[in-house]
Amino acid sequence: MTATDNTNGANGHGLDAGPGGGAATALSPENAEMIKLTRKDFVSDQEVRWCPGCGDYSILAQTQKVMPDFGYPKENIVFISGIGCSGRLPYYMNTYGFHTIHGRAPTLATGLKAARPDLMVWVITGDGDALSIGGNHVLHSMRRNVDLKMIMFNNRIYGLTKGQASPTSEFGKRTKSTPVGTVDTPIVPLTIALAAEASFVARSVDTHTEHLQQTFNRAGFHKGSAFVEVLQNCNIFNDGAWRDFTDREVREDRMLVLEHGKPMIFGKDRDKGIRLRGLHPEVVTLGEDGVTEADLLVHDEQSEEPYLALMLSRMFWPDFPVPVGVLRAVPRPTHDQLIEDQLTAAVASGGEGDLEKALFSGETWTVE
Amino acid sequence: MTTETRPADHEIRDLERVTIRFAGDSGDGMQLTGTQFTRTAAVFGNDISTLPDFPAEIRAPAGSLPGVSGFQISFSSSDIHTPGDAPDVLVAMNPAALKTNVGDLPAGGALIVNSDAFTPQNLNKAAYASNPLTDGSLKPYTVFEIPISTLNERSLDGLDMTSKQKDLTKNFFALGIMFWLYERSMDPTLAWIDDKFGKRPVVAEANKRALKAGYAFGETTEIFHTHYRVAPARLGPGTYRNITGNEATALGFLAASKLAGRQLFYGSYPITPASDILHQLSGYKNFGIKTFQAEDEIAAIGAAIGASYGGAMGLTASSGPGIALKSEALGLAVMVELPLVVVDVQRAGPSTGMPTKTEQADLLQVLFGRNSDSPVPVVAPATPAECFTMAIEAWRIALKYVTPVVYLSDAFLATGAEPWRIPELSELPEIGVENWTDRATFQPYDRDPETLARKWAVPGTPGLEHRVGGLEKADITGNVSYDPDNHHRMQLLRQEKVARIANDIPDLEVHGPPSGDLLVLGWGSTYGAIRSAVERLQADGRSVAHAHLRHLNPFPRNLGEVLTSFRRVLVPEVNLGQLLMLIRARYLVDAVGYDKVRGKPFRIAEIEEEALRLLGESARS
Ligand SMILES: Cc1ncc(C[n+]2csc(CCOP(=O)(O)OP(=O)(O)O)c2C)c(N)n1
Ligand code: SF4
Ligand SMILES: [Mg+2]
């Protein structure tokens with residue numbers, strides 16, 4: 001066997017998990033400039049096998065496009081997925097990849113990131129994978145602020161198992177498993193992420209390629225848990241699930257593109273806005289009834305408490321334009337950093353662990 | 001009973017071995033009392049073996065039968081293997097403790113009772129129709145009625161404490177009596193009290209006074225005519241400490257991490273009786289050990305696999321119910337072929353079963369409780385101290401063969417204690433593996449021709465970017481494959497990889513004649529009872545041997561030969577015949593089982609009797 005001894009690196013205890021160190025590993029545009037990777041570097045040699053016309057193709061393409069932005073060499077990027085059509089994505093990325101089991105990708109990502117803080121970890125999941133079987137893990141990875149970027153493909157259906165209702169399917173929806181309509185109330189992924197204390201929460205759309213890239217770029221540069229819901233079309237089992245407001249002709253009137261520090265204005269003619277009335281948002285028209293820009297809500301993705309983000313997460317077509325963009329982005333110590341800090345503090349106060357001392361600790365006696 | 005001021009004259013008698021059981025309400029501190037006696041006996045140099053036996057309820061109603069907590073310790077001047085079949089002395093702190101334990105006390109045994117606790121109310125809670133102290137039912141025993149609560153409270157006169165608080169120290173009074181009775185020094189416990197309650201001087205003072213008052217009570221009254229001496233055991237030379245199985249397991253993993261030069265990542269969700277491993281490992285932060293209390297057992301193993309994927313030593317532990325939850329992820333680890341150790345500290349089941357009671361009934365679960373053929377090596381320590389060695393052995397296999405390994409402990413091993421000769425670092429084995437870094441020769445599912453371990457490359461290694469996952473992999477390239485012949489080949493490869501470990505583990509040792517009338521075959525925590533029973537039979541001139549498996553998958557290479565060298569094979573197990581089924585199926589031997597699933601370890605006599613029965617049977621046939 002040829003193998004080199006490579007045990008330097010990631011934590012300062014001489015007991016390393018992996019290579020680490022070496023080339024530029026930090027998240028930075030300067031490194032990106034230095035490493036100069038392109039989209040092509042991130043395309044693997046595997047044939048892509050989604051149904052023709054599936055929204056997943058675009059999500060993959062935008063993912064490959066933004067990867068060079070971050071300044072990580074590709075060997076330091078890992079894609080971890082669960083099970084579902086979305087789960088195939090890691091095979092198509094020329095990075096390290098792990099296609100795990102249904103719903104559990106966040107758990108592997110949590111362990112990997114804790115052991116190897118030097119890696120950039122992406123989690124790829126679906127609406128069933130993340131919110132049904134894996135709901136618990138989404139909650140806990142977010143509350144811990146594990147430094148992972150979770151991309152949830154929301155097609156409001158179980159694609160891989162051929163068309164059953166998912167936790168985001170609308171109430172009453174008829175599917176293969178619910179021939180006369182589901183009796184389950186759907187949940188809102190962004191509300192769930194916010195309730196779980198996610199430090200970065202955003203939404204984008206498979207077909208809005210530029211916006212999708214921008215959103216992935218923001219998520220990638222966020223330190224901590226990033227939750228991105230991508231509204232994705234499954235043209236085989238739930239075609240047109242989002243069409244009512246995402247189609248080119250209507251999207252400007254039916255979606256609200258969030259920008260930090262900017263008033264919430266939307267519409268082809270940029271004449272509509274969101275105003276707060278009591279505790280509720282309402283749609284108003286600029287210039288009507290004396291409404292001016294000054295009356296509109298101003299987006300603040302950084303506010304300490306997530307009231308505004310929560311309110312935005314509840315707004316949906318047809319009552320409201322559907323918000324896309326970054327709802328929330330706040331700094332918070334990451335899980336892996338907090339773990340490292342405790343190890344460092346333990347060494348600072350008690351010195352490096354001494355195995356012999358540990359074995360001989362407690363009351364001992366000697367037999368001659 | 002008189003309380004004199006001068007020490008009474010007491011006879012001293014030498015004994016080889018004594019077994020004491022402390023029993024009381026779970027609020028009475030019986031585990032602490034037992035542990036203190038154990039430490040003292042161990043430091044004195046006795047061989048010891050313990051059996052804590054506590055209820056799952058943290059505080060069942062005071063005085064009730066389900067609330068009884070017990071701790072048995074056997075200490076000896078010779079080598080012993082079990083906590084004793086039956087106590088010589090039973091300390092019962094209340095009627096419920098008497099009722100649930102007196103049945104185990106042989107006729108003539110000593111019974112020390114806290115007579116203050118025998119109130120009508122407590123008798124009622126223990127469902128006694130009449131007071132056993134007066135109705136003659138305790139006639140077979142030598143009964144010492146001591147008003148422990150009253151005497152103890154008197155000894156704490158003047159301390160700024162409520163009666164209730166004072167009563168909480170009465171277990172130290174009882175301990176003091178036992179220290180006197182067996183000529184033990186109070187010093188280790190006095191030091192422990194100072195250490196533990198140093199910040200609460202009144203509490204420290206009360207516990208110390210209680211202990212000393214109990215001791216003085218033994219010394220100055222004439223209630224006991226004799227006290228006893230159990231000389232130190234002639235253990236081999238070396239430095240010893242007293243250790244439980246869970247402590248030894250955690251230390252073994254710590255050592256394995258150091259030996260392999262890799263970070264240990266421990267993911268776990270609390271469950272009795274495995275939680276103490278988490279508690280202990282979380283104290284080793286200055287060794288670079290990372291511990292993670294997950295949201296459930298699935299997350300715990302998922303995180304451990306993620307850590308292993310990153311090049312760390314991913315470790316997870318649970319008990320049966322949690323192992324059931326981990327099974328899908330364990331199958332993933334089999335498929336992606338990463339090093340991982342899964343600890344199962346078995347307890348009585350099925351389902352929640354009896355969470356604090358022992359059983360060894362998860363063997364088939366860990367071998368076969370996954371979808372498809374999913375081979376995993378399994379190791380099992382036989383004694384609390386051996387947990388250390390076997391924890392390192394689990395990692396030796398996991399790293400060398402790049403495979404998940406199951407480590408089977410149980411509640412008896414986990415909480416029981418014995419003296420452990422601490423090894424020098426130089427005695428520990430070399431373990432470890434290097435990650436693949438060479439671009440020219442890398443294929444994710446290319447294997448070492450000898451061990452069949454796949455080439456393990458970790459993220460961060462330039463040029464070796466590749467994808468793994470639960471879908472079937474093509475041999476060598478590791479690409480997703482649905483090819484029928486490839487799947488067949490991969491199933492065989494996974495099986496063969498585990499099977500070949502047999503070339504790399506010690507042969508099964510036979511204690512006794514290499515062939516003969518009867519082989520008693522065991523695994524796990526039945527070791528002590530089997531070994532003691534077999535030694536008794538051997539001393540009686542019987543042709544009996546003992547063999548104990550530490551590797552349950554694969555089996556040692558000579559197992560078949562050993563089995564066929566004896567006319568009969570007896571397999572005692574704390575399950576309904578799991579190893580028995582495996583060896584009958586594998587070796588076509590007509591072995592017979594002896595199963596007891598009472599949540600308690602075997603008694604020596606039970607195995608001895610069963611062995612004799614079998615010997616008699618074969619003598620007749
Ligand atoms: C333990 C387990 N249960 C069930 C399945 C079957 N299964 C595979 S994918 C899936 C649903 C996936 O839905 P979603 O997450 O929405 O992904 P999509 O296919 O729509 O992208 C199910 C139920 C499985 N693979 N594993
Ligand atoms: S089933 Fe739907 S989600 Fe899955 S690949 Fe086909 S179109 Fe895409
Ligand atoms: Mg879906």
Side-chain angles (χ1 to χ4, degrees), chain A residues 1-7 11 13-20 23 44 46 73-76 78 90-91 94-101 104 107-112 114-116 118-119 136-137 140 339 342-343 346-347 350-353 355-356 358-360 362-368, chain B residues 39 43 45 188 235-242 251 254-255 257-258 261-263 265 267 284-288 290 292 295-296 298-299 302-307 309-312 314 328-329 332 422 425 434-438 441 448 458-462 465-471 479-480:
Chain A
M1 259 200 179
T2 29
T4 58
D5 176 34
N6 204 344
T7 50
N11 75 40
H13 309 282
L15 291 179
D16 233 0
S44 82
Q46 299 294 299
K74 58 187 180 167
E75 66 268 18
N76 280 21
V78 183
Y91 291 116
N94 192 19
T95 62
Y96 281 88
F98 201 152
H99 181 211
T100 71
I101 46 178
R104 318 300 175 191
T107 71
L108 282 98
T110 300
L112 176 61
R116 293 288 305 278
D118 58 313
L119 301 174
N136 197 26
H137 309 307
H140 290 276
I339 292 175
Q342 287 193 345
L343 300 197
V347 171
E352 285 276 346
L355 178 60
E356 193 159 22
L359 298 185
F360 285 81
E363 282 154 314
T364 62
W365 68 99
T366 301
V367 177
E368 300 297 328
Chain B
R39 290 172 62 235
V43 173
L235 301 171
T239 300
Y240 287 79
R241 64 184 277 195
N242 175 34
L251 269 181
L254 174 69
S257 163
K258 273 282 185 191
R262 273 179 200 269
Q263 180 194 116
F265 176 91
Y284 293 143
K285 295 197 194 314
N286 57 335
F287 287 88
K290 294 178 178 170
F292 170 61
E295 58 270 28
D296 59 28
I298 301 173
I305 295 172
Y309 176 65
E328 188 194 11
L332 175 68
I422 308 168
L425 296 188
E434 280 170 7
N435 291 118
W436 204 266
T437 54
D438 180 44
T441 55
D448 180 282
V458 302
T461 316
E465 296 84 5
H466 66 284
R467 274 64 57 189
V468 296
L471 289 172
N479 289 328
V480 173

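Numbered from 1 within each chain, the chains take letters A, B, ... in sequence-line order. Computed over heavy atoms, backbone and side chain alike; hydrogens, waters and symmetry mates excluded. Here the structure is a predicted model, which is why all the values come from computation and not from measurement.
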Exercise for review: Identify which of A/Leu119, A/Asn136, A/Val367 forms the greatest number of heavy-atom pairs closer than 4.5 Å to chain B.
Suggested key: A/Val367
Review point. Hey, what's the ring geometry for B/His466 with A/Tyr96, parallel, tilted or perpendicular (30° and 60° as the breaks)?
Key: perpendicular
Exercise for review: Identify which of B/Asp296, B/Val480, B/Leu235 forms the greatest number of heavy-atom pairs closer than 4.5 Å to chain A.
Suggested key: B/Asp296
Study note, to complete from the structure: Note: B/Arg241 and A/Glu363 closest approach over all heavy atoms is CB-O, 3.5 Å
Practice item. For each of A/Glu368, A/Glu356, A/Gln342, A/His137, tally heavy-atom pairs with chain B at distances under 4.5 Å, and name the one with the top tally. Key: A/His137
**Study point:** Spatial distance of atom OH (B/Tyr240) from atom OG1 (A/Thr364) [nearest 0.5 Å]
**Key:** 12.5 Å
Point to revise | For B/Glu295, salt bridge (charged side-chain N to carboxylate O under 4.0 Å, His left out) partners two or more places apart | key: A/Arg144
Review point. So what's closer than 4.5 Å to chain B heavy atoms on A/Thr95: side chain, backbone, both or neither?
Key: backbone
Exercise for review: Identify, with sequence neighbours excluded, every residue that meets ring pair (Phe, Tyr, Trp, His ring centres under 6.0 Å) alongside A/His140.
Suggested key: none
Review point. Do side-chain atoms of B/Asn286 reach the backbone of A/Ala346 as a donor and acceptor pair under 3.5 angstrom?
Key: no
Review point. Would you find a donor on one side and an acceptor on the other, under 3.5 Å apart, between the side chain of B/Lys290 and the backbone of A/Ile339?
Key: no
Review point. Is there a side-chain contact between B/Val458 and A/Arg116, using heavy atoms and a 4.5 Å cut-off?
Key: yes
Check your understanding: Just wondering, do A/Leu343 and B/Lys285 contact through their side chains at under 4.5 Å, heavy atoms?
Key -> yes
Exercise for review: Output the option from A/Leu359, A/Asn94, A/Thr366, A/Val78 having the highest count of non-hydrogen pairs under 4.5 Å with chain B.
Suggested key: A/Leu359
Review point. How far apart are the closest heavy atoms of A/Ala114 and B/Phe265, and which atoms are they?
Key: CB-CE1, 3.7 Å
Study note, to complete from the structure: With chain A, the option among B/Ala255, B/Ala329, B/Gly238, B/Gly45 that has the most non-hydrogen atom pairs under 4.5 Å is B/Gly238
Exercise for review: Select, from A/Gly362, A/Ala358, A/Ala109, the one with the greatest count of heavy-atom pairs under 4.5 Å involving chain B.
Suggested key: A/Ala358
**Study point:** Nearest atoms (heavy-atom pairs only) where B/Asn242 meets A/Trp365
**Key:** N-CZ3, 3.7 Å
Study note, to complete from the structure: The interface call for B/Ala304 against chain A, heavy-atom contacts under 4.5 Å, is neither
Review point. Relative to chain A, which segment of B/Ile422 carries a heavy atom at a distance below 4.5 Å: side chain, backbone, both, or neither?
Key: both
**Study point:** Atom of A/Thr110, atom of B/Phe292 and distance for their closest heavy-atom approach
**Key:** CG2-CZ, 3.7 Å
Point to revise | When B/Gly236, B/Pro237, B/Gly302 are compared by non-hydrogen pairs under 4.5 Å with chain A, the top option | key: B/Gly302
Revision key, fill the gap. Between A/Ser44 and B/Arg467 the two heavy atoms that sit nearest each other are CB-NH2, 3.8 Å
Review point. Looking at A/Ile101, A/Thr107, A/Leu112, A/Leu108, which hits side chain to side chain contact (heavy atoms under 4.5 Å, CB included) with B/Ile305?
Key: A/Leu108
